[in-house]
There are 2 protein chains.
Amino acid sequence: MTHQSAQPIEQVTTAADQVFVDLRRAIVEGGIAQGSKISEPELAKRFSVSRATLRDALNRLEACNLVERKANVGCRVVALTPERLIEVYQVRAALEGLACRLAAQNMTDEEIADIKGLLNKHLNEQRVKEGESYYQEAGDLDFHYRIIKGSKNEHLFSLLYHDLYQLVRMYRVQMGMTGPRVSKAFDEHLAIINAIANRDGELAEMLMKRHISYSMNNIENKFNAAQ
Amino acid sequence: MTHQSAQPIEQVTTAADQVFVDLRRAIVEGGIAQGSKISEPELAKRFSVSRATLRDALNRLEACNLVERKANVGCRVVALTPERLIEVYQVRAALEGLACRLAAQNMTDEEIADIKGLLNKHLNEQRVKEGESYYQEAGDLDFHYRIIKGSKNEHLFSLLYHDLYQLVRMYRVQMGMTGPRVSKAFDEHLAIINAIANRDGELAEMLMKRHISYSMNNIENKFNAAQ
DNA sequence: CATGCCAAGATTGTCGACAATTTGAGAAAG
DNA sequence: CTTTCTCAAATTGTCGACAATCTTGGCATG
């Protein structure tokens with residue numbers, strides 16, 4: 001049971017859950033344009049649910065910072081800006097840095113070995129399907145996911161995974177992340193897991209912060225190139 | 001206009017807003033017991049609103065981690081445990097540490113002078129009303145609030161202020177924070193603002209992390225003493 | 001022509017009722 | 001006496017309609 005993907009299937013029991021997941025995907029992947037206004041009656045019809053159910057989903061989207069609401073006015077998808085990108089990534093670096101430090105302290109040897117195996121597997125896959133950014137992104141998310149889980153801090157996990165990650169993905173997907181950074185990110189991942197394996201939390205934290213900072217610069221450049 | 005309190009009055013326009021604020025207060029201050037189950041029909045009647053409105057408020061409480069929901073089962077107030085205290089304070093330390101580092105970089109000289117004045121004012125008040133923990137808590141919140149605002153990172157502010165702070169207050173209030181730590185906290189605040197005034201972000205970050213760590217230990221001791 | 005006001009339309013907030021699901025007490029079987 | 005099944009009561013999820021608020025276009029007025 002090792003080396004399998006650690007990304008969990010989200011529990012979707014209610015209709016509002018389903019609308020939330022679908023809407024979130026549409027927003028993150030650009031199906032609904034960033035900054036655009038959201039019409040409750042229109043979307044309710046599109047998803048074949050009542051407005052109450054749709055509003056429930058919108059409330060959750062607001063909680064993960066994917067939409068912004070104003071009372072009696074309405075709801076719009078967040079706008080992607082360089083300023084906001086920096087803000088989000090500063091927070092992300094601090095939190096994932098913490099996750100790394102805790103992971104170095106709390107992960108089991110088996111969990112660490114698992115991640116190493118995962119990286120090897122991804123490396124092989126990547127050699128074959130050069131440039132397939134989807135697999136790269138999935139692999140990257142999986143790596144970060146496991147570190148966060150490895151911190152054994154449920155609150156930290158919830159904050160990163162539910163409140164921050166979809167927003168991060170939104171920037172990455174809509175800025176079209178591909179290219180030469182892929183192989184470099186692998187090396188960085190490797191250095192991080194080695195630091196964790198050595199139980200060097202301080203180093204692991206520093207490497208992760210730097211890794212995320214590089215990633216931010218990469219997206220920032222796309223922004224500047226875009227106009 | 002200097003030296004006034006910086007804590008903003010929250011915008012409360014809709015009925016759901018009001019219920020949210022009232023319920024949050026009741027949960028944080030213990031009016032509704034930690035860990036207890038929440039009955040939607042009962043609370044709706046108590047606040048004289050429909051269940052839909054109450055559910056809206058519950059959704060927001062869930063977003064700030066004050067209640068936990070399970071689909072088709074219900075909603076209960078979070079339980080205060082030493083483990084969760086540590087988790088929350090680890091996250092808090094990382095985020096407020098970041099806030100300090102950014103504040104040292106981004107606060108204006110005027111804003112810094114304002115906080116210094118605030119601390120002096122609180123010190124005087126505190127000498128007169130020795131042991132009045134309410135004022136101390138308000139002052140403490142005000143101090144931290146201004147640092148966070150001073151980071152000029154809106155996302156960080158939102159995360160700390162909306163998603164984490166009420167939970168922190170819940171631990172503080174329900175564990176009955178008073179006593180000899182009050183005067184020591186003042187000195188720590190002073191050291192932090194001095195580091196920021198010197199534009200020494202690294203030191204400010206470290207001092208803040210330590211300050212929060214002390215605060216956590218203090219609450220943890222109350223836990224141990226409580227049983 | 002610019003500016004402020006007003007009404008009509010559209011959008012959001014709130015409600016009470018109905019449907020789906022869970023829970024728990026009690027009966028039946030072992 | 002214990003265990004399992006059943007069914008009714010209670011609770012949550014969903015809906016469609018109504019009330020309150022905001023927006024917008026046109027009209028009157030200076």
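The chains referred to below are lettered A, B, ... by the order of the sequence lines, with proteins before strands, and numbering in each begins at 1. Not measured: the values here are computed from a predicted model. Side chains included, hydrogens not; waters and symmetry mates left out as well; all remaining heavy atoms used.
- Aromatic rings from B:Y214 and B:Y89 are positioned such that their centres are separated by 6.0 Å or more.
- In this view, B:Y165 satisfies the ring-ring contact (aromatic ring centres under 6.0 Å, His included) rule with no residue, not counting sequence neighbours.
- A salt bridge links B:R169 with B:E29: the closest approach of a Lys/Arg side-chain nitrogen to an acidic carboxylate oxygen falls below 4.0 angstrom.
- Between B:E68 atom CD and D:dT12 atom P the separation is 16 Å, expressed in whole Å.
- The environment of A:K37 atom NZ is dense: over 12 non-hydrogen atoms of other residues, nucleotides or ligands sit within 6.0 angstrom.
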Sequence neighbours left out, cut at 3.5 Å: what donor-acceptor pairs do the side chains of residues 15-25 of chain A make with other protein atoms?
{"residue": "A:D17", "atom": "OD1", "partner": "A:R60", "partner atom": "NH1", "Å": "2.4"}
{"residue": "A:D17", "atom": "OD1", "partner": "A:R60", "partner atom": "NH2", "Å": "3.2"}
{"residue": "A:D17", "atom": "OD2", "partner": "A:T13", "partner atom": "N", "Å": "3.2"}
{"residue": "A:D17", "atom": "OD2", "partner": "A:T13", "partner atom": "OG1", "Å": "3.3"}
{"residue": "A:D17", "atom": "OD2", "partner": "A:T14", "partner atom": "N", "Å": "3.2"}
{"residue": "A:Q18", "atom": "NE2", "partner": "A:D22", "partner atom": "OD1", "Å": "3.0"}
{"residue": "A:Q18", "atom": "NE2", "partner": "A:D22", "partner atom": "OD2", "Å": "3.4"}
{"residue": "A:R24", "atom": "NH1", "partner": "A:E10", "partner atom": "OE2", "Å": "3.3"}
{"residue": "A:R24", "atom": "NH2", "partner": "A:E10", "partner atom": "OE1", "Å": "2.8"}

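- Rounded to a whole Å, the CG atom of A:L58 is 11 Å from the C1' atom of C:dT12.
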> What one-letter contact string describes nucleotides 13-23 of chain D from 5' to 3', where B marks a base within less than 4.0 Å of any protein heavy atom, S marks contact via sugar-phosphate atoms alone, and - marks no contact?
Replying inline: BBB-----SSS
